[in-house]
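Working notes, beginning with the structure itself.
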Amino acid sequence: MVDLSVKIAGISMKNPVMVASGTFGFGREYSRMYDMNELGAVVTKGITLLPKEGNPPPRLFETPAGLLNSVGLENPGVEGFIRDEWPYLKTLQVPIIVNIAGETVEEYRRIAQRLSPLEGISALEVNISCPNVEKGGMAFGRHPDSAYEVVRAVKEQSPFPVIAKLSPNVSDIREIALAVEEAGADAVSLINTVLGMAVDVEKKRPVFKRVFAGLSGPAVKPIALRMVYEVYEAIRIPVIGMGGIFSWRDAVEFILAGASAVAVGSAIFSDPVAPLKIIRGLEDYAARNLQTRISDLVGLAHRNAAEF
Amino acid sequence: MVDLSVKIAGISMKNPVMVASGTFGFGREYSRMYDMNELGAVVTKGITLLPKEGNPPPRLFETPAGLLNSVGLENPGVEGFIRDEWPYLKTLQVPIIVNIAGETVEEYRRIAQRLSPLEGISALEVNISCPNVEKGGMAFGRHPDSAYEVVRAVKEQSPFPVIAKLSPNVSDIREIALAVEEAGADAVSLINTVLGMAVDVEKKRPVFKRVFAGLSGPAVKPIALRMVYEVYEAIRIPVIGMGGIFSWRDAVEFILAGASAVAVGSAIFSDPVAPLKIIRGLEDYAARNLQTRISDLVGLAHRNAAEF
Amino acid sequence: MHQAEIIFNEEVARGIYLLRLCADKVAESANPGQFLHVKCTKVPHPLLRRPFSIADTHREEGTADIIYRVVGEGTSILSQKRPGEVLDIMGPLGRGFPSPPPGTLPLIVGGGVGVAPLLFLAKELSKVAGLEGRAFLGFSTGREIFDTEVFESCGFSVELATDDGTCGKRGFPTELLEDFLKGEKKVQAVVYACGPRMLLLKVKEIAASCGIPAYLSLEERMGCGIGACLGCAVKSAKGGYKKVCRDGPVFEAGEVEIW
Amino acid sequence: MHQAEIIFNEEVARGIYLLRLCADKVAESANPGQFLHVKCTKVPHPLLRRPFSIADTHREEGTADIIYRVVGEGTSILSQKRPGEVLDIMGPLGRGFPSPPPGTLPLIVGGGVGVAPLLFLAKELSKVAGLEGRAFLGFSTGREIFDTEVFESCGFSVELATDDGTCGKRGFPTELLEDFLKGEKKVQAVVYACGPRMLLLKVKEIAASCGIPAYLSLEERMGCGIGACLGCAVKSAKGGYKKVCRDGPVFEAGEVEIW
Ligand SMILES: Cc1cc2nc3c(=O)[nH]c(=O)nc-3n(C[C@H](O)[C@H](O)[C@H](O)COP(=O)(O)OP(=O)(O)OC[C@H]3O[C@@H](n4cnc5c(N)ncnc54)[C@H](O)[C@@H]3O)c2cc1C
Ligand SMILES: Cc1cc2nc3c(=O)[nH]c(=O)nc-3n(C[C@H](O)[C@H](O)[C@H](O)COP(=O)(O)OP(=O)(O)OC[C@H]3O[C@@H](n4cnc5c(N)ncnc54)[C@H](O)[C@@H]3O)c2cc1C
Ligand SMILES: Cc1cc2nc3c(=O)[nH]c(=O)nc-3n(C[C@H](O)[C@H](O)[C@H](O)COP(=O)(O)O)c2cc1C
Ligand SMILES: Cc1cc2nc3c(=O)[nH]c(=O)nc-3n(C[C@H](O)[C@H](O)[C@H](O)COP(=O)(O)O)c2cc1C
Ligand code: FES
Ligand code: FES
């Protein structure tokens, strides 16, 4: 029997497979399709202080093995979340991680504060990497100082563990990872979407109103994997890996590269039960490789790289 | 009739479609397959001062809609190039752009010097963005100061126009573009490969000996396009766009985003005559859109973005 | 999610395919206007499912049909599938067309492959005894016309338009609708429409000016298909955005902005 | 580059397919050991062509065969192609097996689908009147064996090995080669081998210890297939790297390092 359970940043998960923020709504949508309690953790759509209506259509555009999105953090705001979504979420038996975003450090602080009475939240994921909003978001995640500030502010307010979600749109992601570790983050998650765009050749203009959008899906996997590998060597807090995970093989790649847990995002659109298939695939892989604990595989590629 | 010709950085090309460095060898390999004089320009494999044997296998790994390479700049060195490759290249009727790389600023300078007597070179492309070598390469392209220095040094030596080839592995590519423009570059080309990696789940170690490798192909197109769009707004010298161009539509996207010319790289492996098909596709597109000069399309997406 | 076996997949008009699936759950519960979210491939590219309106169901046989036009990679992969192969589908999803209030005249306006969900609608409406209706259908050209006879057998009188005039009137089906409404003063009617954006826009205008309700089936690029990703936004008349997959694809014309 | 029509594409042993192409240019000029670089799809994924050894040609009919094992996306797409479809191929590419000097005994060692180029070799060698040879062939299991009788009809006496002992000797074909060479002192022979890396490594050792030349067909991940991208490197015994696509795929065992 393989022990799939992992404990990261104080969150006990029965397996290391989470669903990525923004791709699973607030869980309810998928609840009719399968038992969400089989997941390692559920990460909510990003929540802002005030409700946000998001960007005009089109919000999605498919690219080779990838997806550009410009949703623009549409969400009901923290009050709406507490009123309409939390009552359902808190009944689940699976760790709930609430993803939060703000335009100012103060906003992050106030969301964290407002969420702090909600018993049952397993962690906050601090999104300093959303490329689809006018202010805040990725702007914070591209500089070590502002990343530090945001995480520090949330950490001060939050009774829950804090996960910093990093942007890949930087020269050296290790710098940012080090800054958020120093700010007290309990874990980092990466990557958020890669800044990209598409042009409509008939209309001869950008596909998206905001011109740039966030690239996710299998196309970005090699980039995400590289960043997980880099960050794993730079910091001591655990890494949650994501970006293009489509099959159990991809999940294994991330774990070997140093991810203590992984999140499945865009692949859910292709196959809503992809996370469950990945859990089963991980279990089989570990069994085949005579590992009794999945956690023993974390970062193994670093140790084996030397043997080349 | 559509006029496909473009003149950038003093290079007159009969159409805006070049082949990307490292994907077309020194031309000869493809000469049996078609008439290379139909291309806009041929860019050679990267040349270093001394011969370089390159990295151990594996050097290639396929990813979703993409390709990781760790060739490591295998090349015969500038003397070998002059002796074995130039005699053939100079007989061609197509502009030849020689791609050069070095481990130190001094090396770049010396290669440029050594090439300067070769009448018939149309331009040097200064590779400050190769991710597959121990020293130099991308290290120069990630900081405005070192990018400036290298381009300055080459520009001082070279009687030919100088194109700076930029790395996408930066927080803000406009900064680098501005620096090389200031250093005297006559054009910029982007993107070189995106830093990525792959893990072998059976061997439980990185696929590549050097761990990280360069990602190219359709997977990176949205990223490349975004960077071309950004750089076009930041600088006044022309932009040569590349990264994942697979069909004429992709080429049009780059041109509308601001590229005065484009280069086809990895797609050549899938279809050696892809560049020719793209030229024909561009011509048809321009005709359909009642453009008599392809150059009138350059950057059109910027002007039309306002109309949203 | 179901694994549905393909029973039939053939070209029924130029570039237009009819695909019949063995999918009893869909056949049991589907309403006209709802759609299936179809996985075209197992490999990571193309990544997303493709939405297609349900064009018919046969409860007894447990089958459901979609009718699709080959326009890109996904539909071209689909067109190569053969009977016996299994397709991964989600659905029926979304909210379909409401029934007309008793005594109202259903007016159907369809353009091109947008006719697909209206076929299913006509069949359902025909279950109401003695129902009569009108169908105004437009196609690019004669060779792309399909299944118009189904409307007739469902009690609809059909008028055709083609862009090139090869069949029926040269022009758009919205012109046929306009002509009809001009003739009938104060008719109690309801319009059901599906087709290109321009068609929907025009139908909205016409219906508004005649003061009759119109239900439009919209299209938007989709990720999840079930309201989780917020990708398929359409501007709501009340501000903010509705989601085509969850709040639609069928909307009352006044609910949404079509631009 | 040619557009070659598929004439035949069927499973000939478990997971192993024979694909016959109408490709007269290939049929005219191909030498055993050369390969075709095959485009499996038109869409941007999977991006690269797949290399396959030429397994036979028929000059009169203008056809060329490849034999492939379904191992991943590319080969699984290939296996779904039907006669009449057209395949985009490059080739014949690379350098094949040299002929044996007159009077030398050709010893063929093949493992699994590595047998493919050796079939073509055997057929070519059999054109030399009275030629005799030996073929030592290994497969995982009995159900994956294909075409061994071809070697016999070409004048080779065949010995088989399978990993699981279901057919022939339990073990590897290199053991058969070793046994044979032990029996024959000072034989004038030349070894031709294709198969998994371990097989090639072992053949190299055996040949070196017996002082006979060996020609090995190597595999490496390929981009261009013609020496332009420098992707398919294999360490040269003299330092630096050879390119499998241009300098090989067949190398004299001493030229390259196999690890
Ligand atoms: C609710 C709904 C019902 C539909 N019903 C039908 C139907 O019954 N018959 C039919 O032929 N078509 C229908 N469509 C349109 C159909 O989904 C697209 O034609 C199809 O997705 C194109 O896929 P492709 O890969 O061939 O094209 P590509 O252009 O290669 O697709 C690229 C991406 O754009 C999306 N896309 C392209 N066109 C559309 C479109 N018009 N609407 C939404 N997304 C699009 C694709 O889903 C894909 O993600 C419907 C769309 C929606 C939203
Ligand atoms: C010169 C040469 C001749 C070959 N001849 C044959 C033959 O006759 N019959 C046969 O069945 N196979 C042969 N192979 C191996 C064959 O190319 C691979 O099995 C095939 O490319 C796998 O593609 P895939 O998409 O199914 O697998 P995937 O594993 O999905 O392929 C992923 C990538 O890895 C590459 N790759 C995977 N396996 C190999 C391999 N063994 N060698 C080189 N590249 C690989 C693919 O080309 C592709 O780029 C030959 C390889 C070479 C280099
Ligand atoms: C439609 C969509 C919406 C997203 N919304 C959010 C969000 O609200 N907050 C966030 O931190 N990340 C968001 N992301 C990023 C994902 O959580 C994830 O980091 C990214 O998509 C990479 O993973 P993937 O390739 O598996 O999708 C979103 C991604 C998509 C595709
Ligand atoms: C195999 C390979 C070798 C390359 N070698 C070089 C090189 O020597 N110098 C250079 O500047 N870029 C090199 N590149 C980068 C390409 O020129 C190009 O910038 C990149 O591949 C993106 O374009 P593409 O997606 O069309 O391939 C190489 C790319 C590949 C795939
Ligand atoms: S497609 Fe995801 S919300 Fe509609
Ligand atoms: S595959 Fe490009 S050099 Fe061999």
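Naming convention: chains lettered A, B, ... in sequence-line order (proteins, then strands); numbering from 1 in each chain. Since the model is a prediction, treat every value here as computed from it, not as a measurement.
With a 4.5 Å cut-off on non-hydrogen atoms, A/L225 touches chain B through its backbone and its side chain both. With a threshold of 4.5 angstrom between heavy atoms, A/I223 approaches chain B through its backbone and through its side chain. With a threshold of 4.5 angstrom between heavy atoms, A/V211 approaches chain B through side-chain atoms but not through N, CA, C or O. Of the atoms belonging to A/L68, it is side-chain heavy atoms, and not backbone ones, that fall under 4.5 Å from chain B. Only the side chain of A/Y285 comes within contact range of chain B, judged by heavy atoms closer than 4.5 Å.
Atom CG of A/L256 sits about 12.5 Å away from atom CZ of B/R205, to the nearest 0.5 Å.
The two residues A/A301 and B/V199 make their nearest non-hydrogen contact at CB-CG1, 4.3 Å.
A donor-acceptor pair is defined here as one N or O able to donate and one able to accept, closer than 3.5 Å; such a pair exists between the side chain of A/R142 and the backbone of B/S171.
Per-residue heavy-atom pair counts under 4.5 Å with chain B were compared for A/M227, A/H143, A/E230, A/K203, and the maximum is reached by A/E230. When B/R249, B/K221, B/K204, B/H302 are compared by the number of non-hydrogen pairs under 4.5 Å with chain A, B/K204 comes out ahead. With chain A as the partner, the residue from B/V252, B/I255, B/D200, B/V170 showing the most heavy-atom pairs under 4.5 Å is B/V170. Note on B/L195, B/L300, B/N169, B/T63: by heavy-atom pairs under 4.5 Å with chain A, the leading option is B/L195. Annotation: maximal heavy-atom pairing with chain B below 4.5 Å, among A/G66, A/A65, A/P64, occurs at A/P64.
When side chains are defined from C-beta on, A/Y229 counts as touching B/P206, because their heavy atoms get closer than 4.5 Å.
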